[in-house]
> 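One structure follows; several queries about it will come next.
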Amino acid sequence: MGRRRVRIDEDRPLPPGLYRHGRKYRAERARGDWVYFGEDYVEAMRLYATWMGADTSPEGTVASLLDHFTSVVCPAKVKSKDLADRTARDYLRDAEVVKTGLGHMPYTQVKPHHIATFRDARTQDAPSHARNEIAALSAMFAWAVEAGRVHSNPCNEVAWPSKPIRTRLISDKEFLTVYDRAGTAVKLAMQLALRTLALPGDILRMGPANIIRLDDGRRVFRFARGKTNVPVEIEIVGELAKLIDAHLAAPVVFATFVHRRDGKPFTVGGIGAMFRRYAVGTKKRPASPRVADFGLRDLRAKGATEEYRNGRPIREIQALLGHKSSKTTEIYLKQLVPETVRPNERAIIASA
């Protein structure tokens, strides 16, 4: 067996202990397994420095433990498929805000009232983000409990900020107004959103690789919901079959159904910006009529409510939405489609 090859890039020097493996950077733990830091050189250097300098002693701060959790623990969980990559990125982003409020404290001394104070301050400044930031902190403490760093998770003893409920339902007229203006890629994304009830990020990753042929000859479309990793399997029939077969019949078949002209996939931000231009236009060229407060994500709720109103079993809608529990689906639908009841029609006592 030959000598192990050593990859050296003079333009991207590596500190001792950090290695290039294929396209990824990694370091070896004392017990022999590897910690991966991604493919980007600058980001890998930052994560490795954090990993090497993380203060994991009992007297360490919340900031040091959060850095260790987001740069070491979360990537390992993503690699083992115990955590969605999107969730790991959310934790990394939200941890920066948590560190500004609680980062200086020793993590063993954090009490529920400290978290409540942080919650109240953030609820005033950024109510839509406060819940996510506490979720990142709670995930860190949950891991710390399992690792024997702390005895309990103080976030469990604090009331979390209520999650904002979006009850906006898109009408058929609004949908068609935007659809008629849209380009090919956005039209396809809108159709897939209604047929699969998937999130925009999942839609942009869909492609021929998601098509599976069963033993009985049926074709199914199989993917995992990006945030929860819940598997979703949809039979390819009807309008969904037309969409997919049209893509497969094209002279050049690309890796994703929704793609740019050069065949490369869109980002969520990129397709969202295109969608907004078709909905409201720009400052120089405003759309007329303007369809405000409408995003690609809203088609998930539109499709789910239409199926619910047409009597489709909640269990099937749950599978399309990728919810882990049917209870989540029931709450989701009841928030969007409240039950209509008759008023009290009895005669008023005073006039009887």
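Just so you know, these numbers come straight off a predicted model, no measurement behind them. This chain uses plain numbering: 1 for the first residue, then up along the sequence.
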> Any link between F175 and L197 through a network of hydrophobic side chains (Ile, Leu, Val, Met, Phe, Trp, Tyr) touching at under 4.5 Å?
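Same hydrophobic cluster.
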> Looking at R122, is its backbone amide N or carbonyl O close enough to the side chain of D125 to form a donor-acceptor pair, meaning the two atoms are under 3.5 Å apart?
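Between the backbone of R122 and the side chain of D125 there is no qualifying donor-acceptor contact (under 3.5 Å).
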> For the residue pair Y36 and R26, confirm or rule out a side-chain donor-acceptor distance under 3.5 Å.
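Judged by distance alone, the side chains do pair up.
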> For the rings on Y107 and F69, is their centre-to-centre separation under 6.0 Å?
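Not close enough - the centres of the two rings lie 6.0 Å or further apart.
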> Would you say T177 and P289 make side-chain contact, with heavy atoms under 4.5 Å?
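Yes. Closest side-chain heavy atoms under 4.5 Å.
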> Report yes if some heavy atom in the side chain of R225 is under 4.5 Å from a heavy atom in the side chain of D202; otherwise report no.
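Result yes, sub-4.5 Å side-chain heavy-atom pair found.
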> For residues L299 and L296, determine if any side-chain heavy atom of one lies less than 4.5 Å from a side-chain heavy atom of the other.
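Yes. Closest side-chain heavy atoms under 4.5 Å.
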> Give me the ring orientation class for F257 and H247: parallel if the planes are under 30° apart, tilted from 30 to 60°, perpendicular past 60°.
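Rings of F257 and H247: perpendicular, over 60°.
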> Measure the acute angle between the ring planes of Y332 and H323, then classify it against the limits of 30° and 60° as parallel, tilted or perpendicular.
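Y332 and H323: perpendicular rings.
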> For a 4.5 angstrom cut-off between non-hydrogen side-chain atoms, does L137 reach E133?
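They are not in contact (no side-chain heavy atoms under 4.5 Å apart), so the answer is no.
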> Could you tell me whether the side chains of Y179 and Q191 share a donor-acceptor contact shorter than 3.5 Å?
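Short answer, yes.
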> Minimum heavy-atom separation for P161 and T123, please, with both atom names.
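Nearest heavy atoms, P161 then T123: CG-OG1, 4.0 Å.
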